[in-house]
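To keep things clear, I will list the structure first and then write my remarks on it.
The structure displayed is predicted, hence computed values, not measured ones.
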Protein chains: 2
Amino acid sequence: MSTTTSLSADELGSAAQRDRHRRILDATYELAREGGFDAVQMRAVADQADVALGTLYRYFPSKIHLLVSALVREFERSEAAFRELDVVPGDTAAERVTFVMQRTTRGLQRDPRLTEALTRAFMFADASVATEIRTVVRLLTAMLTRAMHPGRTTPPTDDDTTIARVIGDVWLSALVAWVTGRSTAAETGAHLERAVSLLLRD
Amino acid sequence: MSTTTSLSADELGSAAQRDRHRRILDATYELAREGGFDAVQMRAVADQADVALGTLYRYFPSKIHLLVSALVREFERSEAAFRELDVVPGDTAAERVTFVMQRTTRGLQRDPRLTEALTRAFMFADASVATEIRTVVRLLTAMLTRAMHPGRTTPPTDDDTTIARVIGDVWLSALVAWVTGRSTAAETGAHLERAVSLLLRD
DNA sequence: GCGGGAGATAGAACGTGTTCCTATCATGGC
DNA sequence: GCCATGATAGGAACACGTTCTATCTCCCGC
């Protein structure tokens, strides 16, 4: 039997297993931060996490699963941080969304190699990583719709979701362009801001 | 000396070289159409194009360059086809842009494996492929701004370019989602259409 | 205590992208 | 015609993702 999705942290029985899981993601994060996508080599991750190569593959069925799982963990942290921040500054939806995007983007730009590794993994992922990808998309959409309507309890409308998804699309493309050196950080920010103001003129 | 960009067709001296170049791209196209990204194996491409492996690498410095160059060729064909089509149907910019996008998308969906190969290569490309990537972006933006303002001779405004780029971003994300099985062809089309009507309400 | 089984380890082995090397070939200048 | 030089063929070699095998360890039910 070969699993096709990564084991999630909660469905791991023993404490030792949860700890291995965490060590693997920590090692991935660290290697990616230092050397980007190419430096995240499966043997290196296994070494640094102090597990055998076979064990690494038991927890994460491929390098892409591994990196996208690391991305999920980062996004969960980031989304939780925004949820705790009960006042997103800005008077209009456009301003608040721009704030959320720019802050997230700046966070990513602080660790270019890490961002490169996570972004490329995300973009290269195929159907077998669909579960993890969906989680990322869901978290991002949630962050954006919350910024559009702070404090609202009713679920977002279809229009809101579409707008959030379009902004997410633009953001991802901008990230890819930045990661691959096709645009500077400033251009990325400017394009994002123009796109948001086009989509959220109210 | 190792080149970092692919040799473009025009800067190849002899007819024999231009022919090798074409044979290589033809083989790439064929293999991708039949088996997708994984089937485009460098040894297989070299065999089918009837060149040595070393020659293949002299023309295209990596598998990604190779696939993105194939994408450039397809896009050039497609853009030329739209330019010849002097009347794009539709009364509004939104309708015309939607027409162009849907027709292109349907063309891609006719060869899912080819699309998967080209899309994943495009998304995985790193800085060394920037030249080719820029060409694709330029062609796509040109196609879209032309659809927005058919028959216009003055260059597109900044706003036009931004809108075209955002639509391009959404289109690419939708393509990735479709290629990786996260969304169906119908959902892809619907999302695209919603995005265009949000961006081009006039 | 103890035997059995799931999960872990160490490391060999395999496939494919990439590099490198050498012999051969083609071509343009004399 | 002949030579110098760069391009191509053919194939070995290497790196890293992935798979496989053999062995070990630890925990659970008895």
Side-chain angles (χ1 to χ4, degrees), chain A residues 1-7 9 11-24 27-28 31-32 35-70 117 120-121 124-126 128-129, chain B residues 1-7 9 11-24 27-28 31-32 35-70 117 120-121 124-126 128-129:
Chain A
M1 180 221 66
S2 99
T3 348
T4 178
T5 70
S6 321
L7 281 59
E11 63 193 342
L12 289 170
S14 77
Q17 284 175 324
R18 269 192 302 280
D19 200 55
R20 273 191 207 94
H21 191 268
R22 186 190 51 71
R23 288 206 311 273
I24 291 172
T28 304
L31 287 166
F37 188 86
D38 290 341
V40 181
Q41 302 187 356
M42 299 307 266
R43 292 173 178 84
V45 172
D47 275 3
Q48 184 153 334
D50 214 29
V51 298
L53 190 56
T55 306
L56 172 52
Y57 273 95
R58 161 178 289 274
Y59 283 68
F60 300 94
S62 79
K63 173 170 174 170
I64 299 295
H65 279 86
L66 177 58
L67 280 165
V68 175
S69 298
R120 291 181 71 198
F124 196 61
D126 68 358
S128 74
V129 203
Chain B
M1 181 221 65
S2 100
T3 347
T4 178
T5 70
S6 320
L7 281 60
E11 62 194 341
L12 290 170
S14 77
Q17 283 176 325
R18 268 194 302 281
D19 199 55
R20 274 192 206 93
H21 191 268
R22 186 191 50 71
R23 288 206 312 274
I24 291 172
T28 303
L31 287 166
F37 188 87
D38 290 341
V40 181
Q41 301 186 356
M42 299 307 269
R43 292 172 179 83
V45 172
D47 276 4
Q48 183 153 333
D50 215 30
V51 299
L53 191 55
T55 306
L56 173 53
Y57 273 95
R58 158 178 290 274
Y59 282 69
F60 300 94
S62 78
K63 172 168 174 172
I64 300 294
H65 280 86
L66 177 58
L67 281 165
V68 175
S69 297
R120 291 182 72 198
F124 195 60
D126 67 359
S128 74
V129 203

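- Applying the salt bridge (charged side-chain N to carboxylate O under 4.0 Å, His left out) test to A:Arg43 and every residue at least two apart in sequence or in another chain returns nothing.
- Remark: B:Phe124 pairs with A:Phe37, A:Phe124 by the ring-ring contact (aromatic ring centres under 6.0 Å, His included) rule, at least two apart or across chains.
- Once you apply a 4.0 Å limit to the heavy atoms of chain A, the touched nucleotides of DNA chain C run 5' to 3' over C:dG7 to C:dA13.
- Residues satisfying the salt bridge (charged side-chain N to carboxylate O under 4.0 Å, His left out) test with A:Arg120, not counting sequence neighbours, are A:Glu116.
- For the atom pair NZ of B:Lys63 and OG1 of B:Thr28, the computed distance is 10.0 Å after rounding to the nearest 0.5 Å.
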For B:Met42 and B:Leu66, run side-chain contact (heavy atoms from CB on, under 4.5 Å): C-alpha distance rounded to whole Å, both residues' side-chain angles, the deciding distance at 0.1 Å, then the answer. CA-CA 9 Å; B:Met42 299 307 269; B:Leu66 177 58; 4.0 Å; yes

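- Residues that satisfy the side-chain hydrogen bond (donor to acceptor under 3.5 Å, both in side chains) test with B:Thr55, not counting sequence neighbours, are absent from this structure.
- Remark: A:Asp47 engages no residue in a salt bridge (charged side-chain N to carboxylate O under 4.0 Å, His left out) (not counting sequence neighbours).
- Contacts between residues 41-54 of chain A and DNA chain C, counted as heavy-atom distances below 4.0 Å, involve A:Arg43, A:Asp50, A:Val51, A:Ala52.
- By the side chain to side chain contact (heavy atoms under 4.5 Å, CB included) test, B:Ala44 pairs with B:Leu31, B:Gln41, sequence neighbours left out.
- Taking a heavy-atom distance under 4.0 Å as the criterion, the stretch of DNA chain D touched by chain A extends 5' to 3' from D:dC16 to D:dT19.
- Under the salt bridge (charged side-chain N to carboxylate O under 4.0 Å, His left out) criterion, B:Asp19 pairs with B:Arg22, B:Arg23, sequence neighbours left out.
- Across the interface with DNA chain D, nearest-nucleotide mapping of B:Leu56 and A:Val40 shows B:Leu56 to be the residue nearer the 5′ end.
- When every heavy atom of B:Ala117 is checked against every heavy atom of B:Ala32, the shortest pair comes out as CB-CB, 3.8 Å.
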